[in-house]
Amino acid sequence: MNITELNDMQQEAVRHTDGPLLIIAGAGSGKTRVLTYRIAYLIEECGVDPYNILAITFTNKAAGEMKERVADITPTGDHVWVSTFHSMCVRILRRFAESVGFTRDFAIYDTDDCKSVMKELFKKNNVNTEYYKERGVLSAISAAKDELKTPQDLKQEAQSDFKLKTIADLYEQYQDELKRNNAMDFDDLIFKTVMLFKEDPVALETYADRFRYIMVDEYQDTNTSQFQLVSLLAGKWRNLCVVGDDDQSIYKFRGANIENILSFERVFDGARVIKLEQNYRSTSMILNAANSVIKNNGRRKGKSLWTGNEEGDKVSLLMYDNAYQEGEGIASTIAGILRDGYSCDDFAVLYRTNAQSRIIEEKLLIANIPYRIYGGVNFYQRREIKDILAYLKVLINPSDGQSLRRIINVPRRGIGQTSIDRVQTFADREGISFYEALKTGKDIPEIGNAYKKTDKFLELMEGFKEAAAEETIEELVQRILDETDYINFISSGLTADEIADKQDNIDELFSKITDFESGHDVQEDDPLSALNAFLEEVSLVADTESGESEGAKVSLMTLHSAKGLEFPVVFMAGMEDGLFPSYMAISIVDEDKSELEEERRLCYVGITRAKKKLFMTFARERLVRGERHTSRISRFVSEIEPSLIERVNNSYVGDDFGFENAGASAISDGSEPASPAKEEKPRWRGGFVPKNKAKFDFMSMGSAKRTSPAGAGFKKTGEAHASPDTAGSGGYVSTSGTGFGKDFLKEFNPGAGASKAADTDSSYTKPSTSKFSAGDRVSNERFGDGTVTNVEDKGRDNLLTVEFDEMGVKKMFEGFINLRKI
DNA sequence: GCCATTTCCCTTTTT
DNA sequence: GGGAAATGGC
């Protein structure tokens, strides 16, 4: 570890080891670096035992990365406890399970499980579903738990509020039911750990004493219960370092309390505050765009991010008539840049809602551009996966009635709803679990002849239980599949494609199991505890990366999941009012702007993911829940200072697109005559086969074969000025300001010397000359070594032609490619 | 108890 | 437009 690699502020943050510390870390300011160096510094320079250090993150991904990076810079780094809030709590709760009234094998219920528990409670209580929705009640309960409110607290609060009283009532029953199932939901994990620490001094002392140095990442996303948890843990030594960025707080909807970061200094007396304001990630153009958006928010801690990086390109705005064109435009723009020597890994397409991914996906597939989707439907929530896991869960925790009921008749065993209800009634009457009730078999008075079937099921499960004690997880799952003939069951009535899909998922589960087992010391652990650990990981990991992860791929994800990541080229798709900011946020027009401000922070997060180039795309029309929707451009786009953004393409030819900065009147793009839709020439000029045919091929050939190569006929960048033809929808123009929209820019940027800015030949040029010249030997990570054969001044950037030794001749923009002289 | 058809809800974001 | 849950006929 060499601390002098850090800038002054970063060093200060690393060196300030004792006492409370708040690090306000702007986007791309090297936050993770500071955290990892700080840990290494504690170990190496201060002689702190890694065992006494705790680092808490929000996502498993972040935890994994931090673990890795700490281990990289300091040998004993892997002894540091780096964990998410939730998995840390699980670990603590397993150890002290009895203290909170559970056994150490308690299950963790995901949202689906919770929903069905609630559904049963609705039935039992004859809840009027006109006024109450399961989801609504559950989120009310979740909010209560975030604020550490018990059912009793809620009841008191309710007073004569009938609705709240009902919710409090359901909350109480819900907790009872979970306890009967020996299960906790996500919020319980935090809540019960706090309760444990408050009520069991031994438990608290165990951890408070151990963790002399505590670090919390993404502090702006903590909720009240997490804040309490951290306060309790750090109470003894008071060496608490929290890192966050109030401008990147985007999880208010799930209880994040921005007060935690805003009032840190007040709560933790004598806290030091250090701001990291130098951004190492983005061009100044991108950073300024981000700043010009976020400054519209009211309550901020206040900081001014700056960068020493190059100015870079303007933010490009691509406008389309509909979401299909948008998808095509994104695909063709990516294809075009790929031809400049980029890797698919360099791109991310970010969107507000998961539903947007489908069309983009489809278009990328047609364009033969590999992609990977993050988020969406959780792998572990797919039916076949849940079924298999439910078997495993019951083996570990027979009280888990939710899982048990899921599989008792899957595959079909002739145990229907009636029998299940009868057993349940009996179990309730006797105060025993469903599984225990099953064991009573034919002695259950109301069971009738069904006991023959349930006995058989019980026998099957007991057999699995024995196997579980000695087999690996892999063997056990295989056994379950075989003995239940599950694959056959799940396959009936499906098409070959659907069956293949299920099989793929099951294979994927097997590979996850294998991964897990090879990562664990299975010899030492007995099979049951390995299984337990596996189930735990599975319930806490939302790892939703779909498909194989091999090879370079364009990343598709929601803006939320993009937090913490960075990409050279970023697309923000669907920049429309009503979609982003979401309809929810703008329909609440009262004085409470907090929803809108959260969306704006989300926009800020999105913009600051981009290192070199940012595209924003807009579709005038899109289908929302099957309905056609016309939108105006997102207000966030209008908030970007006009000199930082340019409109690049012109597939869109409507005359009112509500772009406020430009004036909402007709805007004709100077370089492209307005072309009505009925025009013969396809408006879509990305170089693909006509889209209907492409679509047809795609549909009929399945996913294995694909249509024509991406970007065929896509002209090189920067030439748009000379031949506007090439710059139809999606045309990527790297030399910003050229080619398009002198008129547009004039209107777009009234009175700001727009015409000059729009002209390549004006004084508005790149700041310095190229650091390369013909004949230079250079090296690039992807392409290896090569020789520069030509350097062209393209206005705002230099176009390099490089002859790589192995990869052939590539043209690339200097500002884009990571090239070093050798 | 099983299966096909209809209905519903969804879409803000996730540990 | 789509996927899961509820309904109703067998």
Please identify each residue that fulfils side-chain hydrogen bond (donor to acceptor under 3.5 Å, both in side chains) with [X], with sequence neighbours left out.
X	result
A:Arg413	A:Tyr391
A:Asn126	none
A:Glu597	none

Given [N], is OP1 or OP2 found less than 4.0 Å from the side-chain N or O atoms of [X]?
X	N	answer
A:Ser561	B:dT14	yes
A:Thr558	B:dT14	yes
A:Thr418	B:dG1	yes

Atom [atom1] of [X] and atom [atom2] of [N]: how far apart are they, to the nearest Å?
X	N	atom1	atom2	result
A:Tyr374	B:dT15	OH	C1'	18 Å
A:His560	B:dT13	NE2	C1'	4 Å
A:Glu218	B:dT14	CD	P	14 Å
A:Phe191	B:dT15	CZ	C1'	18 Å
A:Tyr351	B:dT14	OH	P	10 Å
A:Arg254	B:dT15	CZ	P	6 Å
A:Tyr324	C:dG1	OH	C1'	9 Å
A:Asn60	B:dT15	CG	P	8 Å

Please identify each residue that fulfils salt bridge (charged side-chain N to carboxylate O under 4.0 Å, His left out) with [X], with sequence neighbours left out.
X	answer
A:Asp110	A:Lys386
A:Glu446	A:Arg429
A:Arg622	A:Glu326, A:Glu576
A:Asp187	none

Heavy atoms under 4.0 Å, any strand shown: does [X] hit a base, just sugar-phosphate, or nothing?
X	value
A:Phe58	sugar-phosphate
A:Gln417	sugar-phosphate
A:Ser87	nothing

Checking A:Asp185 against A:Lys145 for the salt bridge (Lys or Arg N to Asp or Glu O under 4.0 Å) test, could you report, in this order, the C-alpha distance in whole Å, the side-chain angles of both residues, the deciding distance, and whether it holds?
CA-CA 10 Å; A:Asp185 66 20; A:Lys145 287 179 180 174; 2.7 Å; yes

Please tabulate, for side-chain N and O atoms in residues 450-459 of chain A, each donor-acceptor pair with protein atoms closer than 3.5 Å (sequence neighbours left out).
from: A:Lys453; atom 1: NZ; to: A:Gly414; atom 2: O; distance (Å): 3.4
from: A:Thr454; atom 1: OG1; to: A:Tyr451; atom 2: O; distance (Å): 3.1

Under 3.5 Å, which N/O atoms of the protein pair with N/O atoms of nucleotides 3-7 of chain B?
from: B:dC3; atom 1: OP2; to: A:Arg412; atom 2: NH1; distance (Å): 2.9

query = Do the two ring centres, one from A:Phe618 and one from A:Tyr320, sit under 6.0 Å apart?
reply =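 Not close enough - the centres of the two rings lie 6.0 Å or further apart.
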
For the aromatic rings, using the six-membered ring if either is Trp, is the centroid distance between A:His560 and A:Phe253 under 6.0 Å?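 Yes: the rings meet the under 6.0 Å criterion.
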
Closest of B:dG1, B:dT15, B:dC2 to the A:Asn409 side chain is B:dC2

Discussion item. Among B:dG1, B:dT15, B:dT13, which nucleotide has an atom closest to any side-chain atom of A:Thr84?
Written reply: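 Taking heavy atoms from C-beta onward, the closest nucleotide is B:dT15.
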
With a 4.5 Å cut-off on side-chain heavy atoms, are A:Lys512 and A:Val538 touching?
no

Grab the N/O contacts between the protein and nucleotides 8-11 of chain B below 3.5 Å, and write none if there aren't any.
from: B:dT11; atom 1: OP2; to: A:Arg135; atom 2: NH1; distance (Å): 2.7

For nucleotides 2-10 of chain C, 5' to 3', base contacts (B), sugar-phosphate-only contacts (S) and non-contacts (-) with protein non-hydrogen atoms under 4.0 Å give ---SS----

Between A:Phe85 and B:dT15, do the rings stack, that is, sit under 5.5 Å apart with planes less than 30° off each other?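 No, A:Phe85 does not stack on the base of B:dT15, since the centre distance and plane angle fail the 5.5 Å and 30° test.
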
With sequence neighbours left out, the residues meeting ring-ring contact (aromatic ring centres under 6.0 Å, His included) with A:Phe85 are A:Phe58

Ranking A:Gly414 and A:Ser582 by the position along DNA chain B of their nearest nucleotide, the one closer to 5' is A:Gly414

